[in-house]
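Okay, structure first, notes after.
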Amino acid sequence: MVPKLDFDLISVDDHIIEPPKVWTDRLPAKYQDAGPRVITKDDGSEAWEFEGEQIATMGLNAVAGKEFKDFAMDPTSYADMIEGCYNPVQRARDLLQDGVRGSLCFPTFPRFAGQRFTTAKDKTLADLCVKAYNDWMLEEWCASVPGLYIPMMIGQLWDPKLMAEEIRRCAARGVRAVSFPESMTPFDQPSFHTNHWDPVWEAAVETDIAICIHIGTSGRTHLPSPDAPYSVAVALGPVNAQITFMDLLLSGIPERFPKIKIALSEGGIGWVPFALERIDRTWERHRYWAKMGDTPPSDLFRRNFWVCFIDEYAGLAARDAIGVDRIMWECDYPHADTPWPDSQKEVHKMLADLPADEVAAMTHGNAEKLFRWDARPDVEAILGVGASA
C-alpha cells in the first residue's frame with residue numbers, strides 16, 4: 001500500500017553502510033588483498049580490513065529500528081543492523097513508507113568525506129578506491145532505485161588537481177554533490193585560508209555541484225575535559241558546524257568563488273542567527289587590518305551556504321533570521337538522531353502550523369534547487385499500488 005502522507009520530504013543527510021563487495025567487485029586483482037574487504041574475526045564479529053589493518057568501525061551508529069536503550073556506537077556485524085542500512089532497495093521501502101522520497105547519503109567505511117583514503121600508504125590504491133566508491137554509488141546504489149538517491153561523491157583529498165578531475169568525471173555522470181571535511185589541517189594538509197584547494201572549488205563551481213560538509217569529518221571532537229564521557233561530544237556536535245561556518249566565511253573562498261554552494265550537514269540551525277551577528281561584528285571592526293573583503297559575511301552566507309535540521313523548534317522559530325531559503329531537512333537514517341520510522345509525525349509536530357510555502361521550501365524545495373533534483377522514485381512500483389499519497 002502507498003501510505004497517505006502529509007509532508008513531501010527530501011533528506012539531505014543520510015548514511016550508507018557499504019555492503020561487503022563495494023571494492024572487491026571493482027578493484028584490480030593485484031589490489032584485492034590490500035583493498036577494503038570485510039573479514040570475520042575469531043569472536044564471530046565482522047570488521048573492515050584495509051592495507052592489512054582492521055578498522056574498528058563496522059557500522060557506525062547504525063541503530064535505526066532499535067529502541068533507545070539498545071543504542072551503541074558500533075554494530076559489530078551486518079546481522080546486527082536492519083537490512084535498510086546496507087541494501088538500497090530495502091532502504092527505499094523504509095524511506096518511502098515514511099514519506100522520504102529523496103535521500104543524500106554520506107559514506108561510512110571511507111569516513112563521511114572519504115578521508116580514510118587520505119592516510120592510505122599506497123596512493124595508487126587510494127585513488128582506485130575513491131573511483132571505485134564513486135562508480136558504485138552511481139551504478140549500484142543510486143541506480144537500484146532511480147529518482148530516490150541524490151548522487152554524492154568523495155574525492156582524492158591528498159591531491160586537489162586529481163580531485164578536481166574526479167569531480168568533473170563524476171559530474172558528467174550525474175553526481176550532484178561532493179563530500180568534504182570540516183578542516184584538512186588535522187590531516188597535515190593546507191587550510192581553507194590558502195589557495196591550495198582552489199582547483200576543487202573551481203571544479204565544483206564549473207560543474208554546479210554542492211560541497212557538503214558533515215560534522216565530525218575533521219576527526220575533531222570537543223570535550224571540555226579528558227574524563228568527560230563521549231555523550232558530551234555528541235551533545236556538542238553543532239559546535240563543529242559553527243567552527244566550520246566561521247572558518248569558511250572568513251577564508252576568502254566565497255569571495256573568490258561567488259557561485260560556490262556549501263551545505264553544512266547535521267550541525268543544526270538554531271545557532272545561526274547569533275553566529276551571523278557575531279561574524280558581521282567581527283567583519284565591521286577588523287576587516288581593514290585583516291583584509292576581509294567588502295561583503296558582510298551574513299550576505300555571503302545567504303548567497304553561498306545552506307544548513308539543515310532534524311528536530312529543532314528553536315531553530316525553526318528563528319527561521320526568518322536565518323533565511324527560509326537556506327534551511328533543509330535531514331532524516332539521518334540509520335543513525336541515532338533519525339526520526340525514522342516516525343518522520344511524518346515528527347515533522348508534523350514542528351511544521352504543521354507554519355505557512356505552506358515555507359514548509360514546502362524547507363522539506364524539499366530548497367534541496368531540489370540546491371542539488372538540481374527534479375527526479376522522483378516510482379513509489380507505487382516500490383511499495384505496491386494502493387491509496388494515493
Side-chain angles (χ1 to χ4, degrees), residues 2 5-15 88 91-92 95-106 137-138 141-153 167 170-179 204-214 259-267 269 301-310 312 315-316 319-320 322-333 339-340 343-344 346-348 350-351 354-380 382 388-389:
V2 178
L5 307 168
D6 293 327
F7 296 95
D8 182 12
L9 302 174
I10 291 181
S11 171
V12 298
D13 172 27
D14 295 319
H15 297 266
R91 178 177 296 206
L95 294 181
L96 291 171
Q97 285 282 2
D98 207 20
V100 182
R101 54 92 173 173
S103 174
L104 182 78
C105 298
F106 289 86
M137 164 63 69
L138 286 160
W141 185 267
C142 294
S144 67
V145 186
L148 177 63
Y149 299 115
I150 303 169
M152 179 162 64
M153 60 173 286
I167 287 173
C170 292
R173 302 185 65 195
V175 159
R176 295 293 197 273
V178 57
S179 184
V205 169
E206 176 190 314
T207 57
D208 196 21
I209 72 171
I211 296 161
C212 294
I213 300 180
H214 196 288
K259 293 185 178 181
I260 200 166
K261 303 187 297 187
I262 300 172
L264 302 181
S265 302
E266 206 170 330
I269 63 175
F301 166 75
R302 294 190 175 96
R303 185 187 70 191
N304 298 111
F305 286 76
W306 287 258
V307 289
C308 59
F309 73 100
I310 302 177
E312 194 177 330
L316 290 169
R319 65 192 182 280
D320 289 336
I322 300 167
V324 170
D325 64 333
R326 302 290 104 185
I327 300 172
M328 301 182 292
W329 179 80
E330 58 180 312
C331 185
D332 200 31
Y333 181 110
W340 183 90
S343 300
Q344 291 289 317
E346 294 302 314
V347 171
H348 187 275
M350 292 182 293
L351 303 182
L354 301 187
D357 60 331
E358 296 185 8
V359 172
M362 294 186 290
T363 55
H364 61 273
N366 295 336
E368 289 173 330
K369 291 177 183 177
L370 175 61
F371 299 111
R372 299 175 288 118
W373 194 248
D374 59 3
R376 284 180 175 263
D378 188 339
V379 178
E380 291 191 350
I382 297 166
S388 60

So, Glu368 and Arg101, do they make that salt bridge, N to O below 4.0 Å?
yes
Taking only residues two or more places apart in sequence or in another chain, which ones pass side chain to side chain donor-acceptor pair (under 3.5 Å) with Asp325?
none
Using the side chain to side chain donor-acceptor pair (under 3.5 Å) criterion, which residues pair with Ser179? Sequence neighbours excluded.
none
Go through Ser343 and Tyr333 one step at a time and tell me if the side-chain contact (heavy atoms from CB on, under 4.5 Å) criterion holds.
CA-CA 10 Å; Ser343 300; Tyr333 181 110; over 6 Å; no
Any side-chain heavy-atom pair from Ile209 and Arg372 closer than 4.5 angstrom?
yes
If you round to the nearest 0.5 Å, how far is OG of Ser11 from CG of Leu104?
7.5 Å
What is the minimum heavy-atom distance between Arg91 and His15, and which atoms define it?
NH2-O, 2.6 Å
Taking Asp8 for its side chain and Gly365 for its backbone only, find out whether a donor-acceptor pair lies under 3.5 Å.
no
Please check: side-chain N/O of Asp13 versus main-chain N/O of Asp332, any donor-acceptor pairing under 3.5 Å?
no
Salt-bridge test for Asp208 and Lys261: reply yes if a basic N is under 4.0 Å from a carboxylate O, no otherwise.
yes
Nearest-0.5 Å distance that lies between atom CG in Leu148 and atom SG in Cys105:
7.5 Å
Where does the angle between the aromatic ring planes of Trp141 and Tyr149 fall among parallel (under 30°), tilted (30 to 60°) and perpendicular (over 60°)?
tilted
Gln344 to Gly99 - nearest heavy-atom pair and separation
NE2-CA, 3.5 Å
Stepwise side-chain contact (heavy atoms from CB on, under 4.5 Å) check, Ile322 with Phe301
CA-CA 9 Å; Ile322 300 167; Phe301 166 75; 4.1 Å; yes
Nearest heavy-atom pair of Phe309 and Ile269: which atoms, and what distance?
CB-CD1, 4.0 Å
Sidechain-backbone polar pair: Arg176 side chain, Ile150 backbone, donor-acceptor under 3.5 Å:
no
Distance check, rounded to the nearest 0.5 Å: Trp329 atom CH2 versus Leu9 atom CG?
4.5 Å
How long is the straight-line distance from CE of Met328 back to CG of Leu370, given to the nearest 0.5 Å?
5.0 Å
Distance col, row Met152:CE vs Phe106:CZ, nearest 0.5 angstrom, shows 4.0 Å
Considering non-hydrogen atoms only, spot the tightest contact between Leu351 and Thr363 and give its length.
CD1-CG2, 3.5 Å
Please report the closest heavy-atom contact between Ser265 and Val12, naming both atoms and the distance.
OG-O, 4.3 Å
Minimum heavy-atom distance between Leu354 and Met362, given as atom pair plus value
CD1-CE, 4.0 Å
Do Asn304 and Ile262 come close enough that some side-chain heavy atom pair is under 4.5 Å?
no
Could you please spell out the steps behind the side-chain contact (heavy atoms from CB on, under 4.5 Å) verdict for Val100 and Leu96?
CA-CA 5 Å; Val100 182; Leu96 291 171; over 6 Å; no
Output for pair (Ile213 CD1, Trp306 CH2), nearest 0.5 Å, gives 12.5 Å
Evaluate the side-chain contact (heavy atoms from CB on, under 4.5 Å) criterion for residues Val175 and Arg173: first the C-alpha distance (whole Å), next the side-chain angles of each, then the deciding distance (0.1 Å), finally the verdict.
CA-CA 6 Å; Val175 159; Arg173 302 185 65 195; 5.9 Å; no
